[in-house]
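Letters A, B, ... are given to chains in the order of the sequence lines, protein chains preceding strands, and every chain is numbered from 1. None of the values given here were measured: they were computed from a predicted structure.
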2 protein chains.
Amino acid sequence: MIIDATNISKVLSDPIRYKILLMLMNHQGMESLCLSFGSEGVCNCDIMQEFGLIQSRVSYHMKELTSSGLVREEPKGKWKYYVLNKETVRNYIKQLGSDFKL
Amino acid sequence: MIIDATNISKVLSDPIRYKILLMLMNHQGMESLCLSFGSEGVCNCDIMQEFGLIQSRVSYHMKELTSSGLVREEPKGKWKYYVLNKETVRNYIKQLGSDFKL
DNA sequence: TTATAATATCAAATAATATTGATATGACGA
DNA sequence: TCGTCATATCAATATTATTTGATATTATAA
């Protein structure tokens, strides 16, 4: 897998995105907070609630996160569930390690 | 040591800075390219030459790199030599690893 | 179908970063 | 000291990213 280290870095550099990633991390395999449904995973509305952000802002950041490969989308019905893609973080780290011979 | 992961990410996210870091990496313990002197390390002028950048631009990016802790300065006479601080990269990686339980 | 809820997109405003050229500072050596 | 070279800083501008509110999609349920 090809990793663009500066691109992943850019995505990680936004505090909100970083916090969203941590949230996804901590909800691995847990129930959605989403009030209306008890499905697996974290959806847009969970993130809006958690951080008090408006919808389009969350949407923007989730696009950054998914298009970088840090997060995977799982659409279910009209919802979209997001799951952290640890593999990308691992590959990013691997890339840094090899670039900087750590 | 305290690592601000989003801050390090921001610094790493600029392609020029990333390339400068790689350059420092690859010149660990080698002679300066600096034409006038054969001292250890990489100085401002080496970076200017290598990437064809003007002085103030290099200065700006080196400040970003040093103030984040990714690079150490070693002033010698009127020159400033820069050395990669692998420790910071390592700590950054460690932080990611612990945040994302890798 | 139609209504509604969730998410996406868009254009405009704002904010943050990067770049440049000019000038300043600081360290030498003559 | 004075002149020169290396680096730093500054103000202006350019570029890029983020935020917002409005509108568009899309899925589903009634």
Side-chain angles (χ1 to χ4, degrees), chain A residues 4 6-21 23-24 32-68 70-83, chain B residues 4 6-21 23-24 32-68 70-83:
Chain A
D4 179 343
T6 60
N7 186 58
I8 299 289
S9 303
K10 180 168 67 82
V11 177
L12 292 174
S13 75
D14 183 287
I16 287 171
R17 284 192 294 260
Y18 201 90
K19 283 180 204 142
I20 291 173
L21 287 174
M23 182 190 182
L24 297 187
S32 170
L33 296 174
C34 192
L35 297 171
S36 31
F37 287 78
S39 329
E40 291 269 315
V42 174
C43 70
N44 234 300
C45 53
D46 296 323
I47 297 166
M48 291 170 63
Q49 270 194 245
E50 179 74 5
F51 302 109
L53 306 176
I54 65 175
Q55 187 270 320
S56 60
R57 192 172 172 189
V58 170
S59 197
Y60 167 73
H61 285 301
M62 295 322 286
K63 195 177 173 190
E64 296 287 304
L65 287 168
T66 54
S67 63
S68 71
L70 282 163
V71 164
R72 256 195 333 274
E73 300 182 318
E74 300 191 345
K76 278 183 194 154
K78 59 182 159 180
W79 288 273
K80 228 167 211 178
Y81 290 96
Y82 297 106
V83 5
Chain B
D4 178 343
T6 60
N7 187 58
I8 299 290
S9 303
K10 180 168 65 85
V11 177
L12 291 174
S13 75
D14 183 288
I16 287 171
R17 285 194 293 262
Y18 201 90
K19 285 180 203 141
I20 291 174
L21 288 173
M23 181 189 181
L24 297 186
S32 169
L33 297 173
C34 193
L35 297 170
S36 32
F37 288 77
S39 329
E40 292 270 315
V42 174
C43 71
N44 233 302
C45 53
D46 296 324
I47 296 165
M48 290 170 64
Q49 270 193 244
E50 179 75 5
F51 302 109
L53 307 176
I54 66 175
Q55 186 270 320
S56 60
R57 191 172 171 190
V58 171
S59 198
Y60 168 72
H61 285 301
M62 295 322 289
K63 195 176 173 190
E64 296 287 306
L65 287 168
T66 53
S67 64
S68 71
L70 282 163
V71 164
R72 257 196 330 274
E73 300 183 319
E74 300 191 346
K76 280 182 193 154
K78 59 182 159 182
W79 287 274
K80 228 167 210 180
Y81 291 96
Y82 298 105
V83 6

message: Treating primed atoms plus P, OP1 and OP2 as sugar-phosphate and everything else as base, which nucleotides of nucleotides 24-30 of chain D get B, S or - for protein heavy atoms under 4.0 Å?
response: ---SS--

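One interatomic measurement links the two molecules: CG of B:Leu53 to C1' of C:dT20, which rounds to 12 Å at whole-angstrom precision. The interatomic distance linking B:Ile20 (CD1) with C:dA18 (C1') rounds to 13 Å, in whole Å. In this structure, CD1 of A:Ile16 is placed 9 Å from C1' of D:dT19, rounded to the nearest angstrom. In this structure, B:Met48 atom CE and D:dA8 atom C1' are separated by 13 Å, rounded to whole Å. Distance A:Glu64 CD to D:dT18 C1': 9 Å, rounded to the nearest Å. Regarding B:Ile54, its CD1 atom lies at a distance of 14 Å from the P atom of D:dA8, rounded to whole Å. Distance, A:Arg17 CZ to D:dA17 C1': 8 Å, rounded to whole Å. Rounded to whole angstrom, the span from the CG atom of B:Asp14 across to the P atom of D:dA17 amounts to 10 Å.
The side chain to side chain donor-acceptor pair (under 3.5 Å) test applied to B:Lys80 returns B:Glu73, not counting sequence neighbours. Checked against side chain to side chain donor-acceptor pair (under 3.5 Å), B:Asn7 has no partners two or more places apart in sequence or in another chain. Scored by the side chain to side chain donor-acceptor pair (under 3.5 Å) test, B:Ser13 finds no partners at all (sequence neighbours excluded). With sequence neighbours left out, A:Val58 forms a side-chain contact (heavy atoms from CB on, under 4.5 Å) with A:Asn44, A:Ile47, A:Met48, A:Leu53, A:Met62.
Nearest approach of A:Leu24 to A:Tyr82, heavy atoms of both residues: CD2-O, 3.8 Å. The minimum heavy-atom distance between B:Asp4 and B:Thr6, with the atom names listed, is OD1-OG1, 3.0 Å. Contact record, B:Ser68 with B:Val11: CB-CG2, 3.7 Å, taken as the closest heavy-atom pair.
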Can you pull every protein N or O that's under 3.5 Å from an N or O on nucleotides 9-14 of chain D?
none

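Taking only side-chain nitrogens and oxygens, B:His61 never comes nearer than 4.0 Å to OP1 or OP2 of C:dT17. Contact check, B:Asn44 against D:dA8: a side-chain N or O comes under 4.0 Å of OP1 or OP2.
Annotation: side chain of B:Leu12 is in contact with side chain of B:Leu70 (closest heavy-atom distance under 4.5 Å).
Within the structure, side chain to side chain donor-acceptor pair (under 3.5 Å) contacts touching residues 51-61 of chain B (residues at least two apart or in different chains) are B:Arg17-B:His61.
Projected onto DNA chain D by closest heavy-atom contact, B:Glu73 and A:Lys10 fall at different nucleotides, the more 5' of which corresponds to B:Glu73.
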